[in-house]
Amino acid sequence: MIKLEKAQSIINEYIKTLDKEIISLIDSHERVLGEDIYAPINQPPFNRSPLDGYALRGEDSKGATKDSPITLNVIDEICAGEYTKKIVKKGQAIRIMTGAPIPEGANCVIRQEDTNEGKDLVNIYKELKPFSNYCYEGEDVKRGTLIIKKGSFLNHIKIGILASLGIDKVKVYKRPKVGLLTTGDELIELGQSLPTGKIYNSNLYTLSMRLKELYTEPIVLNMGKDCEKEMEEEIKKSLDKVDFLITTGGASVGKKDLIKSVLEKMGANILFWKIDIKPGTPVLCSELDKKLIISLSGNPAAASITFEVLVRDYISKLTNINHICLNRKKAYFNDEFNKGSMRRRFLRGICTETKEKTLVDLSNKTQSSGVLSSSLNCNCLIDIPSGTKSLKKGEEVEIILL
């Protein structure tokens with residue numbers, strides 16, 4: 001029996017560097033960048049117009065007003081995606097659209113609303129200083145600039161910036177492959193009728209979906225019966241396919257809690273067994289063939305809670321995705337819980353923010369380790385120290401945001 005923090009520390013010793021792969025930019029959303037990226041070009045790649053209007057020399061607009069306009073000769077027209085070889089000289093202008101390259105000789109752009117929008121001759125109604133309404137080449141990004149650092153989490157903005165620079169492929173860290181082995185004679189697959197004494201395998205769906213939410217690739221193994229041979233076969237064939245393995249069920253001390261003896265017979269190094277928390281005390285952690293194996297309780301809520309307090313932080317550090325790490329904060333209990341906690345306990349809660357403080361209520365009065373419905377609408381875990389006799393409304397508590 002060890003403390004939670006000791007268990008977390010042991011697990012974190014097995015963080016390794018993930019391999020990298022090159023993928024298309026369009027597939028890179030929510031991936032972690034595996035290299036620094038420097039701008040290969042200037043952005044914009046030319047001096048461009050930020051609006052629809054006329055490119056001219058600012059000097060030629062001096063003194064222009066609505067009542068006393070200055071007339072210029074229009075010598076060409078440029079739309080976005082086009083360019084002109086003509087040079088703007090004294091007394092001349094070129095009709096220009098948003099995003100088009102500013103022609104040589106022009107040093108500003110007047111918006112069309114400040115002209116009569118003439119075709120061959122245009123009346124200028126406003127005086128402009130040189131380089132007004134002028135977007136410089138490279139003013140957004142200069143070539144050679146470090147744009148995005150290695151280890152960055154790629155979102156839509158970062159991907160858009162990379163696309164603007166013409167980058168179509170990126171090197172990213174591979175998503176960790178996490179094996180998931182759910183065990184127990186009581187489990188049956190969805191779609192089958194429910195015989196007396198059996199339950200549907202909710203752990204498979206709860207944990208595999210949570211693994212996806214945490215940016216990993218779950219590898220679902222065949223559902224295991226309470227049979228040492230079957231468990232051993234599933235574990236053996238999975239280890240060369242996964243970065244680490246999670247099992248559920250069989251980690252306690254019952255007649256058919258077999259996972260510990262199976263792993264010991266396979267030569268696994270047992271790192272710890274049992275954590276001083278509730279629910280989910282009988283967590284087993286081992287290492288086999290340089291792969292971490294975390295064996296959780298088969299009780300649905302216990303499996304889910306211990307996954308959050310143990311596995312989630314490990315995944316955050318493994319993937320270098322910081323925003324999924326354990327996020328703790330203080331809150332004020334807004335409910336009543338009269339049950340004593342001899343062991344450190346995690347309750348499922350609903351956290352709400354007010355202008356003055358953070359409040360937390362129980363998500364459900366029933367907090368049993370086998371009750372999964374208490375996790376419905378739950379957005380935090382309430383961390384209750386061992387020896388707490390009860391929780392009263394208004395008491396300060398620590399919560400872990402989910």
Taking the basic N atoms (NZ, or NE/NH1/NH2) and the acidic carboxylate oxygens, is any pair closer than 4.0 Å for Arg344 and Glu5?
yes
Worked check of side-chain contact (heavy atoms from CB on, under 4.5 Å) between Tyr83 and Phe46:
CA-CA 11 Å; Tyr83 72 99; Phe46 46 78; over 6 Å; no
One should read off an interatomic distance between Asp185 CG and Asp226 CG, to the nearest 0.5 angstrom, of 4.0 Å
Pair Glu287 + Lys291, salt bridge at N-O below 4.0 Å
no
So does Lys329 pair up with Glu398, basic N to acidic O under 4.0 Å?
no
Test side-chain contact (heavy atoms from CB on, under 4.5 Å) on Lys150 and Leu33; report intermediate values, then the result.
CA-CA 5 Å; Lys150 177 181 176 181; Leu33 193 61; 5.7 Å; no
Should Leu381 and Leu401 count as side-chain neighbours, where that means a heavy-atom distance under 4.5 Å?
no
Step through the shown structure and confirm whether more than 12 heavy atoms of other residues, nucleotides or ligands are within 6.0 Å of CD on Glu104.
no
To the nearest 0.5 Å, what is the distance between CZ on Arg348 and OG on Ser304?
8.5 Å
Mark yes or no: Lys66 above the aromatic ring of Tyr125, with NZ or CZ under 6.0 Å from the six-membered ring centre and no more than 45 degrees from the axis.
yes
Qualifying residue for salt bridge (Lys or Arg N to Asp or Glu O under 4.0 Å) with Lys236, from Glu234, Glu232, Glu233:
Glu232
I'd like to know if the side chain of Thr366 reaches the main chain of Ser368, judged simply by a donor and an acceptor atom lying under 3.5 Å from each other, with no hydrogens or angles considered.
no
Where do Ile167 and Pro40 come nearest, in terms of heavy atoms and distance?
CD1-CD, 4.1 Å
Between His323 and Tyr215, does a ring-ring contact (aromatic ring centres under 6.0 Å, His included) hold up when you go through it step by step?
CA-CA 11 Å; His323 71 263; Tyr215 313 106; 5.8 Å; yes
Does atom OH (Tyr14) have a neighbourhood of more than 12 heavy atoms from anything else shown, all under 6.0 Å?
yes
Rounded at 0.5 Å granularity, tell me how far CZ in Phe153 sits from NZ in Lys158.
8.5 Å
Hey, is Glu117 close enough to Arg111 for a salt bridge, meaning N to O under 4.0 Å?
no
Expected output: side-chain Glu127 to main-chain Gly63 donor-acceptor under 3.5 Å:
yes
Heavy-atom count check: over 12 atoms from other residues, nucleotides or ligands less than 6.0 Å from Arg328 CZ?
yes
Do Ile235 and Leu263 have side chains that approach each other closer than 4.5 Å (heavy atoms only, starting at C-beta)?
yes
So Phe272 and Leu284, side-chain contact (heavy atoms from CB on, under 4.5 Å) or not? Walk me through it.
CA-CA 6 Å; Phe272 63 80; Leu284 172 70; over 6 Å; no
Pair Arg210, Glu213 - check salt bridge (Lys or Arg N to Asp or Glu O under 4.0 Å), show working.
CA-CA 5 Å; Arg210 188 57 172 144; Glu213 290 174 350; 3.0 Å; yes
Side-chain donor-acceptor pair present, Gln112, Arg95, cut-off under 3.5 Å:
yes
Test Leu221 against every option in Leu245, Thr183, Thr182 by the side-chain contact (heavy atoms from CB on, under 4.5 Å) rule and name the one that passes.
Leu245
If you measure only the distance, is there a donor-acceptor pair under 3.5 Å linking the side chains of Asn338 and Lys392?
yes
Any side-chain heavy-atom pair of Phe333 and Ile399 under 4.5 Å:
no
Could you check Asp335 against Lys365 for salt bridge (Lys or Arg N to Asp or Glu O under 4.0 Å), going step by step and ending with a plain yes or no?
CA-CA 10 Å; Asp335 212 323; Lys365 297 300 181 185; 2.5 Å; yes
For Asp243 and Lys16, what are the C-alpha separation, side-chain angles and deciding distance, and is it a salt bridge (Lys or Arg N to Asp or Glu O under 4.0 Å)?
CA-CA 9 Å; Asp243 292 293; Lys16 62 180 182 179; 3.1 Å; yes
Spacing of Leu72 atom CG and Asp120 atom CG [to the nearest 0.5 Å]
13.0 Å
Assess the residue pair Arg31 and Glu21 against the criterion (salt bridge (Lys or Arg N to Asp or Glu O under 4.0 Å)); give the C-alpha distance rounded to whole Å, side-chain angles, the decisive distance to 0.1 Å, and a yes or no.
CA-CA 11 Å; Arg31 299 296 295 269; Glu21 60 183 341; 2.6 Å; yes
Indicate yes or no: at least one non-hydrogen side-chain atom of Leu326 is less than 4.5 angstrom from one of Asp313.
yes
Check against side-chain contact (heavy atoms from CB on, under 4.5 Å), Ile15 and Tyr314:
CA-CA 7 Å; Ile15 293 168; Tyr314 175 70; 3.7 Å; yes
Side chains of Lys129 and Phe131: does their closest heavy-atom pair fall under 4.5 Å?
no
Is it the case that over 12 heavy atoms from other parts of the model lie below 6.0 angstrom from the NZ atom of Lys260?
yes
Pro176 vs Leu18 side-chain heavy atoms within contact, under 4.5 Å:
yes
With side-chain hydrogen bond (donor to acceptor under 3.5 Å, both in side chains) as the test, would you mind laying out the steps for Thr358 and Glu353 before giving the verdict?
CA-CA 5 Å; Thr358 302; Glu353 300 284 351; 2.7 Å; yes
Are the charged groups of Asp276 and Arg343 less than 4.0 angstrom apart, N to O?
yes
Point-to-point distance, once rounded to the nearest 0.5 Å, from CD1 of Ile305 to CG of Leu310
12.0 Å
Under 4.0 Å between a Lys/Arg side-chain N and an Asp/Glu carboxylate O for Arg345 and Asp383?
no
Check step by step if side-chain hydrogen bond (donor to acceptor under 3.5 Å, both in side chains) holds for Asn107 and Glu59.
CA-CA 9 Å; Asn107 60 19; Glu59 306 92 293; 3.0 Å; yes
Rounded to the nearest 0.5 Å, what separation is found between the SG atom of Cys135 and the CG atom of Leu51?
8.0 Å
I need the single residue from Asn133, Ile96, Ile94, Ile78 that forms a side-chain contact (heavy atoms from CB on, under 4.5 Å) with Ser49. Which is it?
Ile96
Neighbour count above 12 (heavy atom, 6.0 Å) for Leu146 CG
yes
Asn42 versus Lys142: any side-chain heavy-atom pair under 4.5 Å?
yes
Heavy-atom check, side chain of Tyr134 versus side chain of Ile102, under 4.5 Å:
yes
Only one of Asp114, Ile124, Asn123 passes side-chain contact (heavy atoms from CB on, under 4.5 Å) with Pro69; say which it is.
Asn123
May I ask you to check whether over 12 heavy atoms, not counting those of Lys126, lie within 6.0 Å of atom NZ?
no
Polar side chain donor-acceptor pair, Asn377 to Ser363, under 3.5 angstrom:
no
